[in-house]
Amino acid sequence: MHSPIHSDGITEMKPNSIHLTPRVFAHFWSWVKLFDDALALPIRQGKMWPDKRPPSEKLGRHIATLKYRVVLDNLAISHTYKQDSQDLWANGEVPVVGVKALVNTLRIDLHQRDQEVRSHGKDGSLKFTRTKALYGAEVNVTDLFMRAVVAIYREPDLQFAAFNASADWESPYNIAPPASPTDEAFDNDDYTELDWLPTDRMPKFYMGEVASCPEFSFMKKIEVLRQPSDDPTQGASKMSKFGSEDSHTCLMGMEFDPRKVHLSMAHERKAVLEYELHGLNPKDNLHDTKRASIIQRINLLNAYIEKLLNPPPSATPSRLEGSLHGNWTATDWGSFDNLYHVYAPKLSLDNGTRNILLQYYYESRQRRGFEYHMAASAVRFIREHALATETRKEEPPPPPKAEAAPGVSRSKSTNAVRRLFTRQSEKGKQPQPVAGPADVDVNLGADHRTQHHQSHFVLLFKPQIVLRSNIDDESVIIIAANDAAVQTTDVMDGDIDDPVDGHMLTKIHFILSGMQIFSPSPLWADISTGVQLPYEVFLDDLCETVEYDRIVRHTSCLVQYDKYNRLRLRTASQNTPQTDLLMANVPRFTLQANSDHFTSLYNVVTDLLLYSDPSNRSRVDRLESFILNDDISDSGTTASEIAFRQRRIRALSEQLNDFTLRQVDLRSSERLEMNQIAARVMAQTEELGLIFDAIQSVQQRDEQSTKNKVGIRLEASSSDITWNLMDKDGSLFMRLALRAIDFLWISSQDGSSANRLKIKDLEALDARRHAKFPEMISKQTTWLKDHPMAKAS
């Protein structure tokens with residue numbers, strides 16, 4: 001952390017800054033562990049000390065509540081990952097990728113209290129323990145601006161330590177938006193890791209806008225506890241008599257007022273429109289049209305401001321709350337632990353920021369996987385289930401089957417690991433069909449032994465997503481909605497206590513209300529408003545903006561995504577399907593676009609969204625080669641190999657730490673030795689990850705049933721999809737309508753896919769005035785039964 005405030009006052013006009021990296025987090029939690037219960041262990045006990053004094057009460061026994069209040073202005077927060085790979089080292093480059101947020105005001109209030117927790121021991125007896133849990137929290141952020149950043153440092157010494165680099169490797173940052181290291185947003189401390197100091201003082205710097213939000217609030221639900229006078233064996237498992245005392249000037253509950261936020265945004269937008277109104281040029285040919293449009297929008301904002309300041313008598317508290325929260329009330333998020341309110345967020349994505357965010361996600365996933373792979377619980381999990389498999393009674397051999405067609409041969413290790421970790425399908429049990437995306441079942445993909453934990457509820461007011469393709473400047477699409485909600489539920493295995501192996505999947509529900517899509521108008525576009533949808537368009541469905549063309553009318557959308565935990569190693573007793581499920585339902589979707597709008601949509605979808613990272617293919621090739629060349633058939637040997645590599649990585653890391661502590665004073669020969677040790681650590685880490693990926697890859701190759709193949713299953717449905725093709729002058733040229741559409745797409749990680757599309761009715765009309773055949777496609781039913789190329793159902 002850096003702050004411009006010192007004992008002599010403010011010494012420099014720089015923001016408060018917080019620099020976060022993976023090793024910073026690891027170092028911080030290691031420091032926190034110094035103050036755990038180990039310091040309170042009793043000493044000098046037994047027959048040798050018969051006259052020992054009773055243990056003195058610790059300071060923590062006398063503290064009932066801890067409350068923290070933090071207020072920071074002009075704050076910069078960065079979170080970065082240092083990328084290390086043989087391909088990057090061969091080029092003598094070390095990229096540091098991450099995100100950086102600039103915040104105008106940050107207010108945090110955290111509350112801890114002493115509470116008693118009731119639990120059951122192994123013998124069934126009741127056990128009571130005391131903890132100081134975080135029971136309340138509230139965070140308020142104003143004027144949030146987030147960027148995707150990457151700094152590429154030149155390190156020529158690393159070229160001598162690199163090996164097995166790809167000859168055709170290409171950097172993903174070549175299309176990233178360039179910036180200068182002299183920019184105010186660049187801070188060299190953001191890209192410095194605890195064990196690495198860059199020698200390049202002027203790196204290549206890339207930066208792109210990702211998100212912005214004028215107001216953000218977070219609240220943690222205060223759990224209702226048992227009172228001291230209640231029966232300790234009944235009721236809630238937690239008890240506390242603290243937490244409601246008046247101890248400090250609390251920020252909790254003081255800043256959360258949606259009406260003030262909406263008023264502030266409306267006043268700011270009104271001031272911008274008034275400034276544009278006074279700045280109009282009377283000599284402009286479009287002066288009268290622009291003036292009438294601005295006045296109409298100012299009147300709409302005035303009516304909205306008046307409604308917020310003076311609600312009508314018919315507006316009951318619940319109805320007023322609904323107008324401020326969209327379609328949601330407090331009862332909808334009452335069961336969730338964490339509540340987020342995001343006001344007018346704007347997400348921006350182009351080709352450059354997409355690549356930066358993808359690399360940031362890959363590094364985050366690799367770091368989480370490394371922490372789990374280095375844990376002792378991973379080895380213990382494999383050994384315990386291997387022992388359970390060996391002691392399990394052998395099943396009678398299955399009856400001989402007909403010889404299958406020749407296919408891809410499986411190695412010895414593949415078959416052995418499948419017997420240990422893959423699921424066994426139940427005979428006579430068929431998968432239940434899904435009723436439809438509209439019928440969302442929270443228990444889908446889980447059985448009665450699972451536990452559901454409703455963790456997060458995110459409510460977004462007037463969100464918009466700006467998608468831009470690098471093909472041309474006109475390929476811009478804006479997706480907006482009146483309000484959106486994201487619900488996150490964690491499904492845990494009730495039989496496993498491990499936080500990684502016990503986490504089965506995460507269920508995400510995304511509800512979008514009042515969704516609409518816009519495209520910039522080349523005739524009316526004004527750079528003063530930027531690429532974003534004006535605030536007043538969200539207030540009235542009939543309000544049209546001249547800067548953007550509405551190509552999709554108001555509709556709603558429901559999306560459910562079941563994401564399985566890929567770090568979890570499954571056993572033969574776990575028969576839950578492991579295919580990620582994505583269900584989407586749009587009741588009515590109407591697209592009204594001309595050829596220019598369709599070009600923008602096509603470029604955004606094909607060039608920006610349907611992107612495949614080439615690095616994934618190279619990793620799949622290395623994984624296939626590892627499975628074929630290495631024998632992991634013996635689970636005990638595999639667990640020992642994992643433990644050996646863990647010890648090897650720890651030993652090399654200790655040697656590397658000795659060099660990093662004095663890397664400023666290292667000679668060239670010592671620096672080369674340090675880089676070679678780092679290269680060996682990187683190679684051992686990659687091979688350790690390949691072992692776990694090989695086990696999971698064998699699980700994914702379950703050939704007994706297609707429902708067990710790991711991948712993603714997409715189910716989409718809509719009652720009506722209409723495409724109105726418009727001419728250049730705005731008249732209707734053609735109309736295509738599809739009704740009762742059901743789409744199914746299954747994709748496996750090996751590249752194979754299957755899809756199915758059902759359409760109940762189709763209508764294609766030629767809307768030209770002198771069209772000879774207005775109905776271009778008609779449905780015939782008389783000859784379907786006899787025609788060999790058709791089938792009637």
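Side chains included, hydrogens not; waters and symmetry mates left out as well; all remaining heavy atoms used.
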Point to revise | Residues K563, I508; criterion side-chain contact (heavy atoms from CB on, under 4.5 Å); working and verdict | key: CA-CA 8 Å; K563 176 64 175 177; I508 302 175; 5.5 Å; no
Practice item. Kindly indicate, with the supporting measurements, whether the criterion side-chain contact (heavy atoms from CB on, under 4.5 Å) is fulfilled by I551 and L601. Key: CA-CA 10 Å; I551 60 178; L601 283 171; 4.2 Å; yes
Point to revise | Q487/Q454 under side-chain contact (heavy atoms from CB on, under 4.5 Å): CA gap, chis, key distance, verdict | key: CA-CA 8 Å; Q487 305 175 13; Q454 293 180 324; 6.0 Å; no
Review point. side-chain contact (heavy atoms from CB on, under 4.5 Å) between R735 and T722: does it pass, once the steps are laid out?
Key: CA-CA 7 Å; R735 174 187 175 90; T722 304; 3.7 Å; yes
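S718 contributes atom OG, which lies 11.0 Å from atom CD1 of I759 (distance to the nearest 0.5 angstrom). Note that CD1 of I741 is 4.0 Å distant from CD1 of I721, once rounded to the nearest 0.5 Å. Atoms OH and CG, on Y81 and L20 in that order, are 10.0 Å from each other to the nearest 0.5 Å. Between D580 atom CG and I746 atom CD1 the span is 12.5 Å, to the nearest 0.5 Å. A distance of 12.0 Å separates CZ in R553 from CD in Q516, rounded to the nearest 0.5 Å. Distance check: L581 CG to L505 CG gives 10.0 Å after rounding to the nearest 0.5 Å.
Side-chain contact between D562 and V491 is absent, with no heavy-atom pair separated by less than 4.5 Å. R147 has its side chain out of reach of T353: every pair of non-hydrogen atoms, C-beta onward, lies at least 4.5 Å apart. With a 4.5 Å cut-off on side-chain heavy atoms, E686 and F626 do not count as touching. Here the side chains of L582 and V559 are in contact, with some heavy-atom distance below 4.5 Å. Between W723 and L738 there is no side-chain heavy-atom pair separated by less than 4.5 Å. Put simply, the side chain of E363 reaches to within 4.5 Å of the side chain of V97, judged on heavy atoms. Within the 4.5 Å cutoff, no side-chain heavy atoms of S85 are placed close to those of Q83. Contact of the I465 side chain with the L349 side chain is not registered, since no non-hydrogen atoms from C-beta on lie closer than 4.5 Å.
Nearest heavy-atom pair across F538 and N482 is O-OD1, 3.6 Å. In terms of heavy-atom proximity, A211 sits nearest to L347 at CB-CD2, 3.6 Å. A pairwise comparison of heavy atoms in F589 and M515 identifies CE1-CE, 4.2 Å as the closest pair. Nearest heavy-atom pair across A593 and F598 is CB-N, 4.4 Å. Taking every heavy atom of both residues into account, P22 and T80 meet most closely at CD-O, 3.3 Å. Listed here is the closest heavy atom pair of S600 and I477: CB-CD1, 4.0 Å.
Put simply, the side chain of S513 never gets that close to the backbone of D483: no donor and acceptor are under 3.5 Å apart. Checking side-chain atoms of R354 against main-chain N and O of L608 turns up a donor-acceptor pair under 3.5 Å. Looking only at distances, a side-chain donor or acceptor of N355 sits under 3.5 Å from a matching main-chain atom of P172.
For F218, the ring-ring contact (aromatic ring centres under 6.0 Å, His included) criterion is met by Y340, not counting sequence neighbours. Taking D720 as the reference, R588, R739 meet the salt bridge (Lys or Arg N to Asp or Glu O under 4.0 Å) condition, with sequence neighbours excluded.
No side-chain N or O of S469 forms a donor-acceptor pair with one of N603 less than 3.5 Å apart. Counting only N and O atoms by type, the side chains of S455 and D337 include no donor and acceptor under 3.5 Å apart.
Ion pairing between E371 and R367 holds under the 4.0 Å rule for side-chain N and carboxylate O.
Using cut-offs of 30° and 60° for the angle between ring planes, the F692 and H373 rings count as parallel.
Heavy atoms from other residues, nucleotides or ligands lying under 6.0 Å from OH of Y602 number 12 at most.
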